[in-house]
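Since this is a predicted model, take the numbers as computed values, not measurements. In each ligand, atom 1 is the first atom listed, and ligand 1 is the first ligand listed.
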Amino acid sequence: MTELDKTESFRSGMVVIVGRPNVGKSTLLNHLIGIKLSIVSRRAQTTRHRILGIYNDPRAQIAFLDTPGFQLQHTNALNRAMNRTVTSALREVDAVLLVVEARQLTSADHEIIAMVPRTVPAIAVVNKIDKLGNRELLLPIIDELKTTYPFAEIIPVSAQKGTGVPDLIETLITHLPFGEPVYNSDAITDRPERFIAAEIVREKLFQSLGEELPYGTTVDIERFEHHGQLRRIHATVIVSKSAHKAMVIGAKGAKLKSIATRARKDMEQLFGGKVFLEIWVRVKHGWSDDVRSLRTLGYS
Ligand code: GDP
Ligand code: MG
């Protein structure tokens, strides 16, 4: 195969995953990328940053943006900033994956579909089909999707079990433009390790506290140092009330200790070296509505 042939058959593109909270966007992304990078949690609104994960195979490279989902209930500064991020991301991509659950569309689903631009191919991903007793139960939602938006494809999957995911990749590739790969094939993300470290700590917090985790909790990496193969990481969990601080720390510090241990193990695996991780918990008031804080975190 000559270089020219290669360029003319290889496809490369940016894809954004959208959908209301909890439909399974992060789970799907993790499955697509094959490495656990984004946050998965029962609680809505866990992925606050856009995460770029990259899928590579011999025919195609797909850069995925995992969006925070549209926040329709709260209207503070944080949510407004997140909605803007999502809306602008939609216009920059080569294809959109709209994820819905395999049951009737909700008004939140409809609101999101209404924001999908008609200028890029959109694929509807009907997720959680493992929850359906019978495949025929898919027909009404497929009909509903067809009448709502001119989707290029409608693909049923179970992001959790992986059912339909290979089909989804095959189909998605056919909708991407021809072009050279943009990232090194070993790149799993264009985010620096510092960012990934914060994502991992945040993920462990959500896993450990679940629904109890107070809204507005955030993670800051204050120090990230390389000492040969060792990484020294100093993270701060910022909460808005002293009572929340106590919840994160737990009795005799047990909760925070287990969060730190699990975060450190994931970091060691992902970074491929030893990690010394320290986590502190700090109280800061009124974080969610503080636009200046949002700016320092890159949301505005
Ligand atoms: P996101 O908010 O859209 O990113 O959703 P998540 O990926 O965080 O998933 C929300 C919840 O749905 C989690 O508890 C997942 O384990 C669950 N989930 C995701 N995909 C599936 C699926 O295919 N089947 C089932 N039964 N549960 C799923
Ligand atoms: Mg998510």
Side-chain angles (χ1 to χ4, degrees), residues 15-53 55 64-74 78-79 82-83 85-87 89-90 96-113 115-116 122-135 137-138 141-142 145 154-169 172 189 191 196 198-213 215 217 219 262 266:
V15 173
V16 71
I17 302 178
V18 297
R20 65 175 166 79
N22 277 319
V23 289
K25 298 178 297 295
S26 299
T27 310
L28 179 66
L29 181 77
N30 290 330
H31 216 101
L32 290 164
I33 306 300
I35 180 160
K36 204 162 158 295
L37 197 61
S38 185
I39 297 176
V40 181
S41 156
R42 269 178 207 288
R43 190 185 155 110
Q45 197 185 317
T46 54
T47 320
R48 231 178 244 154
H49 293 260
R50 284 197 286 160
I51 296 172
L52 192 55
Y55 170 88
F64 286 101
L65 299 177
D66 182 32
T67 68
F70 292 82
Q71 303 305 317
L72 303 162
Q73 281 143 14
H74 311 276
L78 174 62
N79 289 316
M82 290 201 307
N83 285 356
T85 308
V86 175
T87 322
L90 285 179
V96 173
L97 293 186
L98 168 88
V99 185
V100 294
E101 274 188 57
R103 56 189 182 90
Q104 247 202 330
L105 296 184
T106 67
S107 58
D109 290 325
H110 281 289
E111 281 183 50
I112 289 166
I113 293 170
M115 295 179 97
V116 177
I123 297 175
V125 180
V126 184
N127 189 29
K128 308 196 186 181
I129 57 166
D130 55 292
K131 282 178 147 182
L132 293 181
N134 182 338
R135 273 240 168 187
L137 296 172
L138 273 172
I141 193 178
I142 290 176
L145 283 165
I154 298 175
I155 301 180
V157 305
S158 165
Q160 203 171 59
K161 300 203 185 317
T163 321
V165 175
D167 260 3
L168 172 61
I169 293 175
L172 178 56
T189 174
R191 297 282 187 174
I196 294 170
E199 283 291 300
I200 290 172
V201 173
R202 205 175 291 133
E203 179 188 65
K204 299 306 167 201
L205 273 167
F206 278 109
Q207 281 176 357
S208 150
L209 288 154
E211 298 294 331
E212 283 173 36
L213 187 80
Y215 179 73
T217 302
V219 177
R262 285 180 296 129
D266 271 21

Residue selection (non-hydrogen contact nearest atom 5 (O) of ligand 1) among Gly19, Pro21, Gly24: Gly24
Minimum non-hydrogen distance to atom 26 (N) of ligand 1, winning option of Val165, Val99, Asp130: Asp130
Pairing of Arg262 and Glu203 as salt bridge, 4.0 angstrom limit: no
Polar contact flag for Asn22 and ligand 1 (N/O pairs, less than 3.5 Å): yes
Ligand 1 N/O within reach of Ala159 N/O, cut-off under 3.5 Å: yes
Short side-chain to backbone donor-acceptor contact, Lys25 and Val99, under 3.5 Å: no
Determine whether the side chain, the backbone, both or neither of [X] has a heavy atom under 4.0 Å from any heavy atom of ligand 1.
X: Thr27; answer: both
X: Val157; answer: neither
X: Lys131; answer: side chain

Sub-4.5 Å side-chain heavy-atom contact between Ile113 and Leu145: yes
Beyond-backbone contact of Leu97 with Phe64, side-chain heavy atoms, under 4.5 angstrom: yes
Ser158: side-chain hydrogen bond (donor to acceptor under 3.5 Å, both in side chains) partners, not counting sequence neighbours: Asp130
Results of side-chain hydrogen bond (donor to acceptor under 3.5 Å, both in side chains) for Asp167 - residues two or more places apart only: none
